[in-house]
Peer 1: 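One structure coming up, written as structure tokens, with questions to follow.
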Number of protein chains: 4
Amino acid sequence: MRSRDDKKQEALYLATIKLVNEIGFSASSVAKIAREAGVSPATLYIYFKNKEDLLVSTYLEIKEEMGRALLAGFDEGLPVHDLLHRVWCNTFAYVSENLAEFRYTEQFANSPYSELVDKTRVRAHFEPLLRVIQQGIDRKIIKDVDPDILTAFLFHPIMVLANPKHCSSFKPSGENIEIAFRMAWDALRL
Amino acid sequence: MRSRDDKKQEALYLATIKLVNEIGFSASSVAKIAREAGVSPATLYIYFKNKEDLLVSTYLEIKEEMGRALLAGFDEGLPVHDLLHRVWCNTFAYVSENLAEFRYTEQFANSPYSELVDKTRVRAHFEPLLRVIQQGIDRKIIKDVDPDILTAFLFHPIMVLANPKHCSSFKPSGENIEIAFRMAWDALRL
Amino acid sequence: MRSRDDKKQEALYLATIKLVNEIGFSASSVAKIAREAGVSPATLYIYFKNKEDLLVSTYLEIKEEMGRALLAGFDEGLPVHDLLHRVWCNTFAYVSENLAEFRYTEQFANSPYSELVDKTRVRAHFEPLLRVIQQGIDRKIIKDVDPDILTAFLFHPIMVLANPKHCSSFKPSGENIEIAFRMAWDALRL
Amino acid sequence: MRSRDDKKQEALYLATIKLVNEIGFSASSVAKIAREAGVSPATLYIYFKNKEDLLVSTYLEIKEEMGRALLAGFDEGLPVHDLLHRVWCNTFAYVSENLAEFRYTEQFANSPYSELVDKTRVRAHFEPLLRVIQQGIDRKIIKDVDPDILTAFLFHPIMVLANPKHCSSFKPSGENIEIAFRMAWDALRL
DNA sequence: GATGAATGAGTGTTCATTCAT
DNA sequence: CATGAATGAACACTCATTCAT
């Protein structure tokens with residue numbers, strides 16, 4: 001028998017991301033994704049149970065990779081400020097280098113499919129970061145407020161700024177990134 | 001294309017918003033929207049050029065209404081801080097009272113249709129606010145940074161916090177809203 | 001608007017019967033049936049909820065018509081023997097003149113779809129006949145046995161003999177029909 | 001095509017019968033049959049030329065076995081009546097103990113595949129029985145009518161009565177079986 | 001001999017849109 | 001103005017069969 005080809009699975013992931021970026025979530029049909037990946041639509045169903053499985057798997061794949069990228073060089077010995085700064089910069093780097101992947105996750109999160117993912121599993125990839133934030137709170141460095149609020153001021157601004165689609169004038173230069181981080185820190189710190 | 005029976009047009013707007021919320025953007029077919037609105041699919045084409053026109057018009061309609069709501073009681077004589085605070089509270093009020101409309105705009109903005117809208121027209125509805133921010137900068141009250149950055153720390157956190165879908169623990173109590181505004185202000189002020 | 005066209009519904013019934021006869025139940029796809037009926041597959045779904053509905057409706061349509069045909073000239077004043085003889089002859093006439101319809105019902109009854117029909121509704125079309133048989137039992141003309149047994153000797157032999165597919169030598173001449181009825185009567189009568 | 005591993009071949013026969021009974025003829029795909037039999041779809045094609053061959057072979061296999069069962073204890077020295085009675089009882093026994101196999105043959109006979117089998121080969125399995133019937137005719141014990149008619153009153157009633165699917169009230173108790181045989185004999189005998 | 005991978009052709013069904021009334 | 005009927009094209013998915021190992 002022919003052996004299962006990881007190349008094909010990878011090609012399907014990439015085709016999915018590419019198409020969703022180019023023509024959007026709902027226009028990305030199984031047929032188009034398969035054609036883009038260079039396989040038959042029937043083949044897609046060897047690697048994924050159905051379309052939903054393909055889309056969810058693609059999302060989880062990206063989230064895992066993204067978690068690794070954001071936490072690169074994450075040394076928990078460093079001060080909270082420095083750790084957050086490191087993650088902040090990592091995020092900008094990841095998003096600008098993997099814009100398609102990032103946009104896929106945004107479209108996915110705003111689709112009905114998003115309700116199918118186990119959110120705690122996704123959160124797990126970012127666990128060390130959440131721990132450090134808690135540390136910052138305990139040490140009275142960061143405001144002691146609801147975690148959702150912290151997230152809203154720490155991560156969402158990056159997400160917006162790093163995605164050219166949402167920005168008309170902002171350019172992610174090193175300087176701008178530092179300015180924005182400074183503001184996030186002003187928001188969070190006690 | 002337009003006609004006198006605004007009841008039907010309004011019903012189509014509401015049906016669109018309701019369905020997109022319930023079953024998502026891509027599952028909201030013309031036939032379902034028409035049925036929900038209590039008209040024939042053919043009738044829809046009297047009021048809107050095509051599906052795209054329906055979706056875009058619905059979006060613009062919401063954005064206009066939303067602009068009005070956010071700027072309610074906007075007295076440019078007040079200090080910058082107070083004005084932003086007023087808008088902040090208005091936003092929370094609008095989103096929590098019009099969650100379906102708000103979610104529609106989020107789904108719309110993350111779809112390929114979003115590229116069809118004239119963004120300057122949308123921006124116009126929020127013009128007074130932008131003017132006040134510029135004032136704040138000129139008077140050295142607000143940091144002199146790219147407007148996109150200011151937006152990222154002023155509006156996006158609200159959008160996130162006001163939408164229960166994105167929050168697991170945060171509850172939009174009056175106190176929480178004040179805490180969050182305080183953080184936004186910390187980020188922006190000089 | 002265009003008005004609903006009974007011609008099309010009828011054409012779909014006929015196409016279904018024809019195709020099931022020619023290529024069998026499972027090979028009769030919606031696309032082929034629609035093409036045979038001269039309409040688009042999408043049109044089929046205006047007249048029937050889905051394929052199942054089409055097949056079941058076709059079956060019920062035939063059964064109703066068949067009930068009428070078998071009971072033509074059914075005068076309950078006649079003796080039991082004569083009434084059964086009349087039905088016997090009607091059945092031969094119906095089946096030989098409507099072989100395609102008859103075969104459709106046979107294929108249908110042997111498909112999983114058969115479990116979807118309300119059997120009491122079908123039985124209703126043959127009610128007068130069942131009543132007469134009960135009369136024959138009460139008057140001690142017909143053996144007092146389980147109704148299924150009577151049916152097995154009264155109807156099933158006709159079904160078999162009238163369907164050339166099941167017969168290699170039998171020809172439904174008037175004489176043969178009489179011979180066969182004589183045997184059925186011998187089986188039933190006390 | 002054939003090979004030595006009769007276990008697999010037998011498993012495929014059984015899987016085919018089981019699935020056709022459970023989900024019907026048309027829903028029984030090669031893939032499902034193979035899975036049910038615990039082999040790969042490709043393996044199926046080692047033992048059978050194609051799906052048609054599998055279905056026809058399964059039918060013939062059953063018919064052969066059935067012929068053996070019906071003629072068990074068939075002593076041509078016995079009177080015609082007793083021989084037919086014996087076959088009658090054998091049939092009830094076989095069908096009730098091998099309902100799945102029996103139903104398979106019914107579904108098969110009502111499918112287009114049935115036209116692919118050499119009917120004389122099937123008939124051969126029942127040859128002694130046909131011979132005895134002819135004997136009955138010659139000895140003026142049985143009515144001298146077309147063999148198809150005899151079959152219609154001898155075998156088809158059993159087929160119907162033995163298959164619970166066709167009966168709403170009839171139960172194949174010993175007594176009922178005798179009653180039914182009595183009726184068949186009444187129909188046939190001179 | 002045995003298999004999982006692979007696929008073109010097909011499945012039933014829904015789509016956005018137009019037509020005739 | 002308003003509509004249900006109509007449809008070609010597309011949808012997600014499965015089919016029987018073959019291929020390479």
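Here the structure is a predicted model, which is why all the values come from computation and not from measurement. The figures that follow rest on heavy atoms only: side chains count, while hydrogens, waters and symmetry mates do not. A, B, ... follow the sequence lines: proteins, then strands. Residue 1 opens every chain.
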Peer 1: Counting only side-chain N and O atoms of C/Ser29, is one of them less than 4.0 Å from OP1 or OP2 of E/dG10?
Peer 2: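 It does not, given that no N or O in the side chain of C/Ser29 lies less than 4.0 Å from OP1 or OP2 of E/dG10.
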Peer 1: For the residue pair B/Leu54 and B/Ser57, establish whether any side-chain heavy-atom pair is separated by less than 4.5 Å.
Peer 2: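 The answer is no; the side chains never approach within 4.5 Å.
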Peer 1: Rounded to the nearest angstrom, tell me the gap between atom CG in A/Leu12 and atom C1' in E/dA5.
Peer 2: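 From A/Leu12 CG to E/dA5 C1': 13 Å.
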Peer 1: Tell me: NZ of A/Lys7 to P of E/dA6, nearest whole Å?
Peer 2: 12 Å
Peer 1: Distance check needed: E/dT17 P versus B/Lys32 NZ, whole Å only.
Peer 2: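 Spelled out: NZ on B/Lys32 to P on E/dT17 is 15 Å.
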Peer 1: Where each residue is assigned the nucleotide of DNA chain F containing its nearest heavy atom, which of D/Ala27 and A/Val30 is assigned the position nearer the 5′ end?
Peer 2: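 Whichever sits nearer the 5' end wins; that is A/Val30.
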Peer 1: Enumerate, atom names and distances included, each donor-acceptor pair closer than 3.5 Å involving a side-chain atom of residues 16-23 of chain A, sequence neighbours excluded.
Peer 2:
residue, atom, partner, partner atom, Å
A/Thr16, OG1, A/Leu12, O, 2.7
A/Lys18, NZ, A/Glu36, OE2, 3.0
A/Asn21, ND2, A/Ile17, O, 3.0
A/Asn21, ND2, A/Ala100, O, 2.7

Peer 1: Considering just the side-chain nitrogens and oxygens of A/Lys8, establish if one lies under 4.0 Å of OP1 or OP2 belonging to E/dA5.
Peer 2: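 Checking A/Lys8 against E/dA5: no side-chain N or O falls below 4.0 Å of OP1 or OP2.
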Peer 1: Among all residues two or more places apart in sequence or in another chain, which pass the salt bridge (Lys or Arg N to Asp or Glu O under 4.0 Å) test with D/Glu101?
Peer 2: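 For D/Glu101, no residue satisfies salt bridge (Lys or Arg N to Asp or Glu O under 4.0 Å) once neighbours in sequence are set aside.
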Peer 1: Only counting residues at least two apart or in another chain, list the ones meeting ring-ring contact (aromatic ring centres under 6.0 Å, His included) with C/Phe108.
Peer 2: C/Tyr59
Peer 1: Could you list by number each residue of residues 33-59 of chain A showing a heavy-atom separation from DNA chain F of less than 4.0 Å, or answer none if no residue does?
Peer 2: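 Result for residues 33-59 of chain A: A/Ala42, A/Tyr45, A/Asn50, A/Lys51, sorted by number.
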Peer 1: Does a salt bridge link C/Glu10 with C/Lys7, judged by any charged N lying under 4.0 Å from a carboxylate O?
Peer 2: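 C/Lys7 and C/Glu10: not salt-bridged.
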Peer 1: Give DNA chain E the dot-bracket treatment, 5' to 3': Watson-Crick (N1-N3 with N6-O4 or O6-N4) or G-U (N1-O2, O6-N3) under 3.5 Å, [ ] crossing, | other strand.
Peer 2: .||||||||||||||||||||
Peer 1: A/Glu106: what forms a salt bridge (Lys or Arg N to Asp or Glu O under 4.0 Å) with it, not counting sequence neighbours?
Peer 2: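 In terms of salt bridge (Lys or Arg N to Asp or Glu O under 4.0 Å), with neighbours along the sequence ignored, A/Glu106 is linked to no residue.
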Peer 1: Taking only residues two or more places apart in sequence, or in another chain, which ones meet B/Glu52 in a salt bridge (Lys or Arg N to Asp or Glu O under 4.0 Å)?
Peer 2: none
Peer 1: With sequence neighbours left out, write down each residue that passes ring-ring contact (aromatic ring centres under 6.0 Å, His included) with A/Phe25, or none if nothing qualifies.
Peer 2: A/Tyr104, A/Tyr113
Peer 1: Tell me: CZ of A/Phe25 to P of F/dA12, nearest whole Å?
Peer 2: 12 Å
Peer 1: Relative to the 5' end of DNA chain E, which residue comes earlier, C/Ala31 or B/Ser28, by the nucleotide with the nearest heavy atom?
Peer 2: C/Ala31
Peer 1: Scan for ring pair (Phe, Tyr, Trp, His ring centres under 6.0 Å) pairs involving residues 34-53 of chain C, sequence neighbours excluded, and state none if there are none.
Peer 2: C/Tyr13-C/Phe48
